[in-house]
Amino acid sequence: MSEEGDDVRTGFVRQRRNLILISLVLLLAQIHQTTFATINLFGTTLNLTPTLDPQPYLWVVFGYLLYRYHMYFYDIGDKGFGNKQKERLGRLAYFYAQKRFDTDPTLREGLHLGLLDKLRMKQAENQTQQVTHPTLEDWQFRDAGVIGRSEFRHITVQAQFMTYSGAGENKSWDHDTTEKIEVEGRTAMSLNIRAGLYVLTHTRILSEYFVPYLISAFPLAYWLWKYTFAC
């Protein structure tokens, strides 16, 4: 990280701490109706008449610190959410393709028919070579991942499958075949949402970047409730 990046990160941490502190102080001042009758200034006690309500001053500081945090929030750049979400989405796509292979017979049949066509062409080109035709049940799921740019309602999953080649002692896994599976609509939305929620609940991104906004919303929410519904 560059020196400028270090400065931005240090400033961001400082502004986050300040915003959380002023939000809690402001919230407590509203709930407990805090006032000051005296102020100790450099060893001198000043009596205040009428008593001082600190809330207007706290609101000014709160607004300034919220603005500062918001600026540093954008200055810090990439938060890592996109990469983490894409990584988790790839994992979910793997399980989705595996389940699709296990439950959708048309996928297995399509793979098998495509391979048989290739093997017939190979046999026709070299009639002296014996080509072993695997059975439909020999197909196995191997791997899957997201390719291209994912959209909220559309994901392209590239899955890899394999089956047997050879016969007897020479029988081995082979005939790797890739197939694109288009995931659309609600299914794609569900995978994207699940990936996003996983990132928010299993990484530091939520607590580090977004919880300060949530905490700062408490004094605002209390103020709205107090002067809108409690009056």
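Side chains are part of it too, since the values below use all heavy atoms of this structure and drop only hydrogens, waters and symmetry mates. Residue numbers start at 1 and run along the sequence shown.
Residues Val25 and Phe62 have side chains not in contact (no heavy-atom distance under 4.5 Å, counting atoms from C-beta outward). Taking 4.5 Å as the limit, every side-chain heavy atom of Tyr94 sits out of range of all side-chain heavy atoms of Val146. Looking only at side-chain heavy atoms (C-beta outward), Lys180 and Ile147 come within less than 4.5 Å of each other. Proximity of Ile155 to Leu89: side-chain heavy atoms (C-beta onward) are separated by under 4.5 Å at one or more points.
Atom NE2 in His112 sits 14.5 Å away from atom CZ in Phe161 (nearest 0.5 Å). Residue Leu191 holds its CG atom at 13.5 Å from CZ of Arg91, rounded to the nearest 0.5 Å.
Clustering ILVMFWY residues whenever any of their side-chain heavy atoms sit less than 4.5 angstrom apart, transitively, puts Trp59 in a cluster other than the one holding Tyr67. The cluster map of Ile, Leu, Val, Met, Phe, Trp and Tyr, joined by side-chain heavy atoms under 4.5 Å apart, puts Ile193 and Leu200 in different clusters. No chain of hydrophobic side-chain contacts below 4.5 Å, direct or via other Ile, Leu, Val, Met, Phe, Trp or Tyr residues, connects Ile20 to Met71. Under the 4.5 Å side-chain heavy-atom criterion for grouping Ile, Leu, Val, Met, Phe, Trp and Tyr, Leu92 is not connected to Met189 through any hydrophobic cluster. Residues Phe81 and Phe210 are members of one and the same hydrophobic cluster, defined by side-chain heavy-atom contacts under 4.5 angstrom among Ile, Leu, Val, Met, Phe, Trp and Tyr.
What you find for Tyr213 and Tyr209 is that their closest heavy atoms are CD1-O, 3.7 Å. The minimum heavy-atom distance linking Leu19 with Ser216 is given by the pair CD1-CB, 4.0 Å. Nearest heavy atom pair, residue Tyr222 against residue Ile31, reads OH-CA, 3.7 Å. In this structure, Leu111 and Trp139 approach most closely via the heavy-atom pair O-CZ2, 3.6 Å. Shown here for Val211 and Ser207, the closest heavy-atom pair between the two residues is CG2-CA, 3.6 Å.
Taking the centre and axis of the six-membered ring of Phe73, the NZ or CZ atom of Lys79 falls inside the cone set by 45° and 6.0 Å. For the pair Arg88 and Tyr198, the cation-pi test (distance below 6.0 Å, angle within 45°) is passed.
Between the side chain of Thr187 and the backbone N or O of Val183, no donor-acceptor pair lies under 3.5 Å. Counting only distance, with no hydrogens or angles, the side chain of Gln30 and the backbone of Pro219 share a donor-acceptor pair below 3.5 Å. Judged by distance alone, with hydrogens and angles left aside, the side-chain atoms of Gln85 form a donor-acceptor pair with the main-chain N or O of Asn192 at under 3.5 Å. Judged purely by atom type and a 3.5 angstrom limit, Thr228 uses its side chain to pair as donor or acceptor with the backbone of Leu224.
Taking the ring centroids of Tyr74 and Phe12, they lie at or beyond the 6.0 Å cut-off.
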Val13 vs Tyr72, test: side-chain contact (heavy atoms from CB on, under 4.5 Å). Steps then yes/no.
CA-CA 9 Å; Val13 172; Tyr72 272 91; over 6 Å; no

Do Gln15 and Leu65 pass the side-chain contact (heavy atoms from CB on, under 4.5 Å) test, and can you show the C-alpha distance, the side-chain angles, and the key distance before you say yes or no?
CA-CA 7 Å; Gln15 299 306 324; Leu65 292 178; 4.0 Å; yes

Could you walk me through whether Glu179 and Gln158 pass the side-chain contact (heavy atoms from CB on, under 4.5 Å) check?
CA-CA 6 Å; Glu179 183 78 10; Gln158 182 165 285; over 6 Å; no

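A salt bridge links Glu208 to Arg9: one of the charged nitrogens lies within less than 4.0 Å of a carboxylate oxygen.
Counting only N and O atoms by type, the side chains of Thr178 and Gln160 include no donor and acceptor under 3.5 Å apart.
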